Amino acid sequence: MSLGSEQEQLAEYIRHQRSAIPERLDEELGHIERRLAVYRNNHFYLLGRALAESFPVTQALLGRNNFDALARGYLCEHPPSSPVLSRWGDSFSKWLQGQPLPQQISWTAQMARFEWAWLQVSVTEVAAALSPEDIQRYSQEELLQCRFRLQPASCLLHSSVPVRQIWRAHQAGTNNPSLECIDMQQSEYILLLGQGDQVMHWSINGALYALLMALQQGDTLAQALELAADKTDDQGLAAAAAFVVNNGILAATEE
Amino acid sequence: MKALPDTAAFAFKSRHYEELKANSAVCDWVEVHPENYMQTSGVRLAQLEQVRNNAALSLHGVGMSLASEQSLDESHLKQLKQMVDRFQPHSVSEHLAWSHWNSVYYNDLLPIPYTKELLQQMCLHVERVQEVLCRPILIENPSLLVRYRGNEYSEGEFLGELVTRTGCGLLFDLNNLYVSSINLSDNAFEQLADYPLKSVGEVHLAGHSVEQLEDGTELRIDDHGSEVCDPVWELYRAFLQLTGCRVPTLIEWDTDTPGLDVLTTEMDRAEQIMATALAGGEAA
């Protein structure tokens, strides 16, 4: 048997237990199936742990055993094709939505979506941001007609439960809320942003969310402000615009 | 290209970042898996750059699947090259194993037969990696639970041939050697001299778990999830006495990784053994 056939047989045995035990393995050592089971367990266990590294709070919510069982199911359907595991798991939150979860944490897929967004922001290049001075160079009329590109290391989310608050409650640190203090009925608009060596994140109001979503979709600033104005007054609008400018959320103007 | 400092270090995880930032004197060098930083930029790479500013770096790959019968993944190799160019690591290493088959990445280091056929394949792959990276790499001995019939070399001989033919070095994982020796009913202490010890560029030490079977057989599982066990420390001492040289020594802890306090305790023990073994004494 060629080396390739042997490796194929072992790979199949590990993942599906379909093929026979590779014939050239020395069975005199005894317990060959138990030995090969360790490789199979490693495959599922190590990839389950890799998934847990990307989704630590999702795991905490589900409990480790439940998470491992779900990870195994996900791995069977969506195995990684590359050793770059920070890019494996993009479909996990959507997949999780289709799984039967306990009623009280039926929203867990939204946490997985938040954690995936956090991870992707952390591994995306932080572009140079437009500074307040850059923006002041435009006349007001020019500015209103500008289309801005948002920082590529950023993400906007809307969740029906306060996932960012819940996520914070699972982090170490004294300034984070405790789970008991969180109103689970509250929806949340969230902005994640890469800055230097940190991922920043905020709960933002509906007006700022509408403004940023519109800019992200290619609207002009005038169009984006109009959408945001439906959700706030002039003062709120000015505060939203100042937040955007002062936190380096705009990366460039579209030509 | 500078060599790694011949001191003890640990496998860096992002959870250590803040601790290490606050106390960069903890170690002279760290090791990371390049795969954790490929296809990334932004915050994660900024953290690695910060770490690299204060410490020498070892890139220890887990995804090249060098011992696969299938051809090398050139795009993966290109990404590794980009990391090497960017971070100028003091060492680059990979495994004597395969981990990829038909577009599925197994995230495990799978066993191989020690045959002339595989040696030839392995040489081609190692030479290709070294050609692209423009530098020699280190190859790590695996931990094994199974053995192939018809092996034409012992593992040490196989690695010796690989070193001679390609100019690569050996990353000697003494926990792997110990684990394999128990699982395959060999004696790690007797096997030590089989390996190309003059070509060792780095040593790995780690913990492993034990699975007891009904008939009393013990399977040792290389899970990097605990402290280094006493027989592996003894093997480390024997290795040092055999070579008579200090060696860059890494504490690996990948499962339920503890904080730096636990890792530095392990590093201190490695330093202590290195000092006493080479002075001809006994360490605690």
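These numbers were taken from a predicted model, which means no experiment stands behind them. Letters A, B, ... are given to chains in the order of the sequence lines, protein chains preceding strands, and every chain is numbered from 1. Below, all heavy atoms of this structure are taken into account, side chains as well, without hydrogens, waters or symmetry copies.
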Between [options], the one whose heavy-atom pairs under 4.5 Å with chain A are most numerous:
options                        : value
B:S99, B:S103, B:A46           : B:S103
B:N183, B:N102, B:V62, B:N151  : B:N183
B:T217, B:D223, B:D73          : B:T217
B:S185, B:G150, B:S68          : B:S68
B:D254, B:T255, B:D215, B:L109 : B:D215

Top residue by heavy-atom pair count (under 4.5 Å) with chain B, among [options]?
options                      : result
A:H43, A:R35, A:Q7           : A:Q7
A:I14, A:V121, A:V126, A:L25 : A:L25
A:D197, A:L119, A:V38        : A:D197
A:A11, A:G30, A:S2, A:G196   : A:A11
A:P83, A:A127, A:G4          : A:P83

For [X], is it the side chain, the backbone, both, or neither that has a heavy atom closer than 4.5 Å to a heavy atom of chain A?
X      : answer
B:D256 : side chain
B:S143 : backbone
B:E49  : neither
B:K21  : side chain
B:H76  : side chain

Region of [X] in contact with chain B, defined by heavy-atom distances below 4.5 Å:
X      : result
A:P79  : side chain
A:L3   : both
A:Y45  : side chain
A:E6   : side chain
A:A153 : neither

Worksheet item: Centre of A:F114's six-membered ring, under 6.0 Å away, within 45 degrees of the axis: is that where NZ or CZ of A:R164 sits?
Response: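 Because its charged atom misses either the 6.0 Å distance or the 45° angle limit, A:R164 does not stack over A:F114.
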Practice prompt. Report yes or no: is the cationic atom of B:R52 (NZ for Lys, CZ for Arg) under 6.0 Å from the centre of the six-membered ring of B:F87, at an angle within 45° of the ring normal?
Written response: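 Negative - B:R52 is either too far from the ring of B:F87 or too far off its axis.
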Worksheet item: Is the A:W88 to B:Y105 ring centre distance short of 6.0 Å?
Response: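 Ring-ring flag for A:W88/B:Y105: false, centres at least 6.0 Å apart.
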Fill in: B:F10 and B:H16 aromatic centres sub-6.0 Å
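They qualify: ring centres under 6.0 Å apart.
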Working to the nearest 0.5 angstrom, can you tell me the gap between [X] [atom1] and [Y] [atom2]?
X      : Y      : atom1 : atom2 : result
A:I182 : A:Q165 : CD1   : CD    : 5.5 Å
A:E115 : A:Q59  : CD    : CD    : 9.5 Å
A:L192 : A:C155 : CG    : SG    : 6.0 Å

Whether the side chain of [X] engages the backbone of [Y] through a donor-acceptor N/O pair (distance < 3.5 Å, no angle test) should be reported.
X      : Y      : result
A:Y74  : A:W95  : no
B:H95  : B:G63  : no
B:D194 : B:E157 : no

Donor-acceptor contacts under 3.5 Å from residues 111-119 of chain B side chains, at least two apart:
| from | atom 1 | to | atom 2 | distance (Å) |
| --- | --- | --- | --- | --- |
| B:Y114 | OH | B:E155 | OE1 | 2.6 |
| B:T115 | OG1 | B:L118 | N | 3.2 |

Worksheet item: Can you tell if the side chain of B:V30 reaches within under 4.5 Å of the side chain of B:L20, non-hydrogen atoms only?
Response: yes
